[in-house]
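Proteins get letters first, then strands, A, B, ... in listed order; numbering begins at 1 in each.
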Amino acid sequence: MNDGGEFRTAALSAARIAQFSAAMHDPNPVHLDPSFCASIGLPGIIAPGGISVVALAHAVALRFGAAAIREIDLTFRSPVPEGESIRCELDVEETDGPTITVLARAVGEDGRLRADGTVLVERMSETRR
Amino acid sequence: MTLPTVGTVLGEFEAVLDRDRVWRVDWAVGLDAPEYQDPELARGLGHPDIPIPPGALVFFSFLADDSWLALAGIRFDRSLAVRRRIRNHRMLHVGDVVKGRSIIESVDVRDSKQAKIVTTTIATEYLVEGAVAVEEAVTYSTRHPGEPA
């Protein structure tokens with residue numbers, strides 16, 4: 001089931017991608033250099049996968065609190081083009097145990113899956129931040 | 001093609017987590033979370049300083065240079081990060097001093113019709129005050145068209 005823990009990133013402009021890359025000291029020109037992207041067959045720069053990681057973790061944190069997040073395991077499925085806003089979708093697997101499994105998906109504006117995986121959350125009080 | 005070697009140390013580091021990282025991440029992603037912007041508000045919520053957003057650390061931020069790329073066989077015209085795993089043992093905050101070491105954890109080679117695909121996982125432990133705070137594993141897939149393994 002979808003538990004409404006949705007979060008949408010800002011539109012990932014070149015300026016936002018550059019800021020994220022600078023914060024991470026990301027050396028990959030695929031996030032900054034359109035001519036490099038053209039040389040490897042990409043139509044333009046793409047956002048770092050780390051943005052999907054932070055966005056999905058934030059979506060989970062909005063529901064369960066950042067301190068409750070124990071494990072994040074995400075696979076990057078397709079590039080996030082400049083200008084796109086990523087929608088984060090969560091499905092919570094109900095369990096009686098101490099750990100809750102959250103199925104997390106980052107979806108592009110065209111509906112394509114950008115990243116997905118699981119976030120394990122310690123069962124604490126919900127909707128705390 | 002020379003394969004990267006499991007166990008190779010890509011670099012060791014010691015760094016103070018700063019507010020600039022959090023502020024840039026917060027704005028870039030559009031988190032709009034006041035506790036990531038305002039240290040007083042963060043303290044009011046029980047944090048010692050601004051918390052580091054989950055997932056906002058990555059090993060190459062902390063390595064001294066880009067020599068890890070050659071050691072790990074990563075070429076940006078052929079390589080993509082395909083998976084990231086993070087295990088949190090405690091929350092991190094601005095001002096924490098993290099010590100770490102990044103190593104090649106695994107290397108896997110797969111044949112396809114057009115290329116060898118080399119999948120390399122880089123594992124990093126972030127220690128704070130001598131205890132592991134975060135474990136991270138980043139997996140890259142590198143395409144080697146027409147090259148023998």
For this session: Determine the option with the most heavy-atom pairs under 4.5 angstrom with chain A, choosing from B:Val82, B:Val58, B:Asp20.
Result: B:Val82
Exercise. CE/A:Met24 to CZ/B:Phe59 distance, rounded to the nearest 0.5 angstrom?
Worked result: 12.5 Å
Exercise. If you measure from CG on A:Asn28 to OH on B:Tyr140, what distance do you get to the nearest 0.5 Å?
Worked result: 7.5 Å
Problem set entry | Contact class of B:Asp66 relative to chain A, heavy atoms under 4.5 angstrom | side chain
For this session: Examine whether an atom of A:Val30 lies under 4.5 Å from a heavy atom of chain B, and if so say whether it belongs to the side chain, the backbone or both; otherwise answer neither.
Result: neither
Problem set entry | For chain A, the option from B:Arg84, B:Met91, B:Arg90 that forms the most heavy-atom pairs under 4.5 Å | B:Arg84
Problem set entry | Under 4.5 Å from a heavy atom of chain B, the part of A:Ala15 involved | both
Seminar exercise, completed: Interface check, chain A: of B:Ser61, B:Gly55, B:Gly30, most non-hydrogen pairs under 4.5 Å belong to B:Ser61
Problem set entry | Interface moiety of A:Ile40 toward chain B, non-hydrogen atoms closer than 4.5 Å | side chain
Exercise. For the atom pair CZ (B:Arg21) and CD (A:Gln19), what is the distance rounded to the nearest 0.5 Å?
Worked result: 13.0 Å
For this session: Select one option (side chain, backbone, both, neither) describing which atoms of A:Ala18 are under 4.5 Å from chain B's heavy atoms.
Result: neither
Problem set entry | Contact origin within A:Leu12 toward chain B - heavy atom pairs under 4.5 Å | side chain
